[in-house]
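First up is the structure itself, then whatever we jot down about it.
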Amino acid sequence: MSDKKTFYITTPIYYPSDNLHIGHAYTTVAADTMARYKKMRGFDTYFLTGSDEHGQKIQRRAHAAGKQPQEFVNEIIINFKHLWRVLEIDNDDFIRTTDEHHIRICQELFQKIYDQGDIYKSEYTGWYCTDCETFFTELQVGEGHVCPDCGRAVETMKEESYFFRMNKYADRWLQFMTDNPDFIRPESRRNEMINFVRQGLEDLCVSRTTFDWGIPVPFDQKHVIYVWFDALINYISALKGQGDGSLYEKFWPADVHLVGKDIIRFHTIIWPIMLMALDLPLPECVLGHGWVLIDSDKMSKSKGNVIDPIYLCEKYGVEAVRYFLMREMGYGLDCNYSEELLGRRINNDLANDYGNLLSRTTGMIEKFQGSVIEPPVEPTEFDAELIAMAKAIPEKFGRLMDKMEWANALSELWKLVNKANKYIDDAAPWALNKAGQQGKLSSVLYNMAEVLRFVTIMAAPVMPGLPKRVWRQLGIAEQTQLHTWESLEWGRLPAGTKISRGEPLFPRIDLAALAAEAKPEAPEAPAAPAMEPIAPTCTIDDFARLDLRVVKVLACEKVANTDKLLKFTLELGTEQRTVLSGIAEFYQPDELLGKNLVLIANLQPVKIRGIESQGMLLSAMEGKKLRVIEAPDMPSGAKIS
RNA sequence: GGCGGUGUAGCUCAGCGGUUAGAGCACUCGGCUCAUACCCGGGGUGUCGCUGGUUCAAUUCCAGCCACCGCUACCA
């Protein structure tokens, strides 16, 4: 049994309803960087990521694709794993919430909390969108009581549910946060969470009956366990479910749960309280990072601005992408992504500063010393300052890495790169060579190579594929004892080493060409926001289940006290229909009088604001624009097929 | 509405009760030539959001205002 210090870090388990984007890549790269760094510092590390595969959305997506949920997610998980391979993610385990051991442990823990009385049966009442089959809060539905997703009216609904007695633990939670001020980071998020809990905690609804793609509640098979309860358990089940349980003994509690800022509350309130109820130790800290914004805007499928990390890696190389992410995102802040920003980072930091430093170092050793690193026999007046800085950097860099301030750590490290470039200009080895000052020349070239060794070791957790290329060029590929954190002692690089000059590490990006290539999209193409992806194939029979009819608008009025609802009286052949539609933001009530529109005539009626809506009008929506579908010159009642 | 935060060079941000307010990028001039048209050096603009207050002294503390942002539970 090792007595090394341990380090357990996790990412969220991602939801396989779609492929992952650059934001997910950020979280996972950050966790991977941290795990590699800790490993290098001698920690026994465990790095967990995975997938959160249950829930209604998956079930619906699978159904739409004509697949079983398990089959559906299996295919997406392949893409997840492929992405992590491309990004050089070295995780120790990949947990899936459909893994047998996860399901078993999740049920055990749910049962335990139930047995001790902290889960009880009651009734959940909320605003419900039948269309989206989703509950919403008062705040989410707003005054108009419309679905925040689809804009249709919602209704109140009751559901028998199990509730988790969160409120019971509120005081204990607050005390814990007082005693552990670094548990929630950054501090701004901590304050938000504390403020939230101070306003009082309600018990959490932790079971669902409206769908069945989930882990069954062990003592009541009508219910499945709420996806967040299910998902959060992964951090423990992954350890407990493996082998003899020694992983759990060794690594729990986790040192860091790395999460995006959007899911901080689940990780800092619900999860700790679950652990309190289970009488298990809490993790050391939850770090909520910002988002990767695209042109200062949130990434989203509907905006069509989702960035695929695999494309970036293929185009720019994985090391560059990882460096960009880790360098660009400030602690707790959002960062911007654009291809130009990425290109600038690559050119300035990686190509010009770092890559070129290696290039000029190997270039001169090759040219002036027959490719051999000679011993530093005669120092120049510039050596002391450079060496002092190199010696001081590991401590500074390490302190920032320990605090997970990756961007600052890299910024600190690059000060040494810049210093080395300046050192070369000051010492001017080409002049020393010309003057025949071999002693000084060999010192300068030695120092340059040694700085490169230092920087490369420290940069390795961020760019894990980089060192072997550099070691090969510096001629120390085989000497692994020179690649470690412990070897960051100035002067370990052995004289007599034969270097082998190679290709540039990071070719410069032609930014002008990049800009030119981006331009052609601008003209006329009316800012085509990439359209929504086409839904999975359906059969003619699927379509035939819908009965679409032409209807004529006989009357239309605004529904009182709502912002979005219009009430239509429609002529459908010989009958009349009353239909509500959430389009009041787009049409005045009298605008549509007499027009022929398209109605889903066999949609199950639903009561909204006390009015029964007998169908649904079709409309097209793009961004903030909406137009109803018209069917001019056709009599009402005509069937659409 | 409630609570909290931010507002500093063209951009991203650092900073701080007290000498001429900083970094990187962008821009520009000069130098060098080992190097990936690279590196090194010089240069400039900032009413440090607005208005008051405390102080010998505020960009830095306090108040008000304006602007922007975050949180305000059961959506993964």
Side-chain angles (χ1 to χ4, degrees), chain A residues 12-18 51-58 97 124 126 129 132 134-140 147-149 161 163-164 166 187-208 226-232 260-266 269-270 290 327-328 330 332-336 341 344-368 407-408 411 414-415 418 420-434 441 444-445 448 501 503-509:
Chain A
I13 47 177
Y14 305 109
Y15 204 61
S17 61
D18 290 293
S51 56
D52 173 16
E53 306 186 5
H54 292 125
Q56 184 169 43
K57 191 164 174 180
I58 293 287
T97 54
Y124 179 76
C129 173
C132 301
T134 306
F135 281 92
F136 295 101
T137 63
E138 187 74 37
L139 205 80
Q140 286 173 304
C147 173
D149 284 348
S161 292
F163 283 80
F164 174 38
M166 292 230 297
E187 194 182 357
S188 55
R189 299 295 168 190
R190 171 175 184 264
N191 296 336
E192 284 175 3
M193 293 307 116
I194 289 175
N195 185 41
F196 179 85
V197 174
R198 282 208 177 116
Q199 288 165 14
L201 273 183
E202 287 174 23
D203 291 344
L204 179 72
C205 177
V206 288
S207 77
R208 295 295 134 95
Y226 172 47
V227 283
W228 267 111
F229 188 100
D230 169 356
L232 289 163
K261 63 183 184 182
D262 48 330
I263 53 172
I264 287 179
R265 207 184 55 231
F266 298 97
I269 299 179
I270 298 177
R327 177 65 184 82
E328 205 71 15
L333 302 172
D334 294 337
C335 76
N336 265 304
L341 287 169
R344 280 186 198 284
R345 263 306 165 207
I346 292 173
N347 283 354
N348 293 327
D349 295 8
L350 298 178
N352 297 352
D353 291 349
Y354 175 80
N356 190 42
L357 177 63
L358 177 68
S359 199
R360 46 202 318 212
T361 299
T362 55
M364 284 191 275
I365 291 174
E366 182 180 70
K367 193 177 281 189
F368 300 152
N408 288 337
S411 165
W414 248 250
K415 287 181 184 169
N418 294 329
N421 276 316
K422 178 163 170 54
Y423 169 75
I424 295 172
D425 268 42
D426 288 340
W430 50 91
L432 294 172
N433 178 61
K434 211 171 219 173
L441 175 62
V444 172
L445 297 184
M448 287 161 63
R501 190 144 197 262
E503 289 298 303
L505 290 174
F506 298 99
R508 284 175 55 81
I509 309 298

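Note that these values count all heavy atoms, side chains included, but never hydrogens, waters or copies made by symmetry. Naming convention: chains lettered A, B, ... in sequence-line order (proteins, then strands); numbering from 1 in each chain.
Considering CG of A:L341 and CG of A:N336, their distance stands at 6.5 Å, rounded to 0.5 Å. A distance of 4.5 Å separates NE2 in A:H54 from OG1 in A:T97, rounded to the nearest 0.5 Å. A:I509 CD1 to A:N348 CG: the interatomic distance, rounded to the nearest 0.5 Å, is 11.5 Å.
In terms of heavy atoms, A:Y15 sits closest to A:D52 at CD1-O, 2.9 Å. Pairing each heavy atom of A:A427 with each of A:V444, the nearest pair is CB-CG2, 3.7 Å.
In this structure, A:F164 atom CZ and B:A73 atom P are separated by 19 Å, rounded to whole Å. The nearest whole Å value for the distance from the NZ atom in A:K261 to the P atom in B:C69 is 12 Å. When the P atom of B:U72 is taken as reference, atom CD1 of A:I194 falls 15 Å away, rounded to whole Å. With rounding to whole Å, A:N347 atom CG is found 14 Å from B:A26 atom C1'. Summarising the geometry, the separation between CD1 on A:I269 and P on B:U72 is reported as 9 Å, rounded to the nearest angstrom. A:D262 has its CG atom 9 Å from the P atom of B:C71, to the nearest Å. Atom CZ of A:F506 is separated from atom C1' of B:A37 by 20 Å (rounded to the nearest Å).
Taking atom P in both B:A67 and B:G10, the straight-line distance is 23 Å, to the nearest Å. Distance check on atom C1': B:C25 versus B:C65 gives 34 Å, rounded to whole Å. A distance of about 33 Å separates the C1' atoms of B:A57 and B:C69, rounded to the whole Å. B:G24 and B:A14 are spaced 10 Å apart, taking the C1' atom of each and rounding to whole Å. As rounded to the nearest Å, B:G15 and B:A23 have C1' atoms that lie 10 Å from one another. B:C62 sits 7 Å from B:U54 when the C1' atoms are compared, rounded to a whole Å. Rounded to a whole angstrom, the distance from the P atom of B:A73 to that of B:G64 is 27 Å. Separating the P atom of B:G4 from that of B:C16 is a span of 23 Å, rounded to the nearest Å.
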Using atom types as modelled, flag every donor-acceptor pair under 3.5 Å from a side chain in residues 190-197 of chain A to any protein atom, sequence neighbours excluded.
{"unit_1": "A:R190", "atom_1": "NE", "unit_2": "A:P181", "atom_2": "O", "d": "3.3"}
{"unit_1": "A:R190", "atom_1": "NH2", "unit_2": "A:M177", "atom_2": "O", "d": "3.0"}
{"unit_1": "A:E192", "atom_1": "OE1", "unit_2": "A:R189", "atom_2": "NH1", "d": "3.2"}

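A:R344 is linked by a salt bridge (charged side-chain N to carboxylate O under 4.0 Å, His left out) to A:E340, counting only residues two or more places apart in sequence or in another chain. Residues satisfying the salt bridge (charged side-chain N to carboxylate O under 4.0 Å, His left out) test with A:D203, not counting sequence neighbours, are none. Take A:K57 and apply the salt bridge (charged side-chain N to carboxylate O under 4.0 Å, His left out) test, not counting sequence neighbours, and it matches no residue. Scanning for salt bridge (charged side-chain N to carboxylate O under 4.0 Å, His left out) contacts around A:K415 gives A:E412, with sequence neighbours left out. Considering only residues two or more places apart in sequence or on other chains, A:S207 meets the side-chain hydrogen bond (donor to acceptor under 3.5 Å, both in side chains) condition with A:H223. Residues satisfying the ring pair (Phe, Tyr, Trp, His ring centres under 6.0 Å) criterion with A:Y423, sequence neighbours excluded, are absent altogether. Scanning for ring pair (Phe, Tyr, Trp, His ring centres under 6.0 Å) contacts around A:W430 gives an empty result, with sequence neighbours left out.
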Provide a list of protein-nucleic acid N or O atom pairs under 3.5 angstrom, restricted to nucleotides 22-25 of chain B.
{"unit_1": "B:C25", "atom_1": "O3'", "unit_2": "A:N348", "atom_2": "ND2", "d": "3.3"}

Just the table, please: protein N/O against nucleotides 32-35 of chain B N/O, every pair under 3.5 Å.
{"unit_1": "B:C34", "atom_1": "O3'", "unit_2": "A:K367", "atom_2": "NZ", "d": "3.4"}
{"unit_1": "B:C34", "atom_1": "O2", "unit_2": "A:R360", "atom_2": "NE", "d": "3.1"}
{"unit_1": "B:C34", "atom_1": "N3", "unit_2": "A:R360", "atom_2": "NE", "d": "3.2"}
{"unit_1": "B:C34", "atom_1": "N3", "unit_2": "A:R360", "atom_2": "NH2", "d": "2.5"}
{"unit_1": "B:C34", "atom_1": "N4", "unit_2": "A:R360", "atom_2": "NH2", "d": "2.9"}
{"unit_1": "B:A35", "atom_1": "OP1", "unit_2": "A:K367", "atom_2": "NZ", "d": "3.3"}
{"unit_1": "B:A35", "atom_1": "O3'", "unit_2": "A:S359", "atom_2": "OG", "d": "3.4"}
{"unit_1": "B:A35", "atom_1": "O3'", "unit_2": "A:R501", "atom_2": "NH2", "d": "3.4"}
{"unit_1": "B:A35", "atom_1": "O2'", "unit_2": "A:N356", "atom_2": "OD1", "d": "2.2"}
{"unit_1": "B:A35", "atom_1": "O2'", "unit_2": "A:S359", "atom_2": "OG", "d": "3.4"}
{"unit_1": "B:A35", "atom_1": "N1", "unit_2": "A:R360", "atom_2": "NH2", "d": "3.4"}
{"unit_1": "B:A35", "atom_1": "N3", "unit_2": "A:N356", "atom_2": "ND2", "d": "3.2"}
{"unit_1": "B:A35", "atom_1": "N3", "unit_2": "A:R360", "atom_2": "NE", "d": "3.1"}

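When the nearest nucleotides of RNA chain B are assigned to A:D52 and A:Y423 by heavy-atom distance, the more 5′-ward of the two goes with A:Y423.
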Under 4.0 Å protein heavy-atom contact, by nucleotide of nucleotides 1-13 of chain B - B base, S sugar-phosphate only:
--S----------
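In the displayed structure, A:E187 atom CD is contacted under 6.0 Å by at most 12 heavy atoms of other residues, nucleotides or ligands.
Nucleic acid contact class of A:L357 (heavy atoms, under 4.0 Å, all strands): none. Within the 4.0 angstrom heavy-atom criterion, base atoms lie near A:A351. Residue contacts shown for A:I263 are absent, as no nucleic acid heavy atom lies under 4.0 Å away. A:G200 comes within 4.0 angstrom of a nucleotide base, judged by non-hydrogen atoms across all strands.
The shortest distance between the side-chain N/O atoms of A:R198 and the OP1/OP2 oxygens of B:U72 is not below 4.0 Å. Under 4.0 angstrom from either OP1 or OP2 of B:G41 there lies at least one side-chain N or O belonging to A:K422.
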RNA chain B in dot-bracket form (Watson-Crick or G-U pairs under 3.5 Å, [ ] crossing, | inter-strand) is (((((((..((((....[...)))).(((((.......))))).....(((((..]....))))))))))))....
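In this structure, the side chains of A:Y14 and A:S51 stay at 4.5 Å or more apart for every pair of heavy atoms.
Ring pair A:F164/A:F229 is perpendicular by interplanar angle, where above 60° counts as perpendicular and below 30° as parallel.
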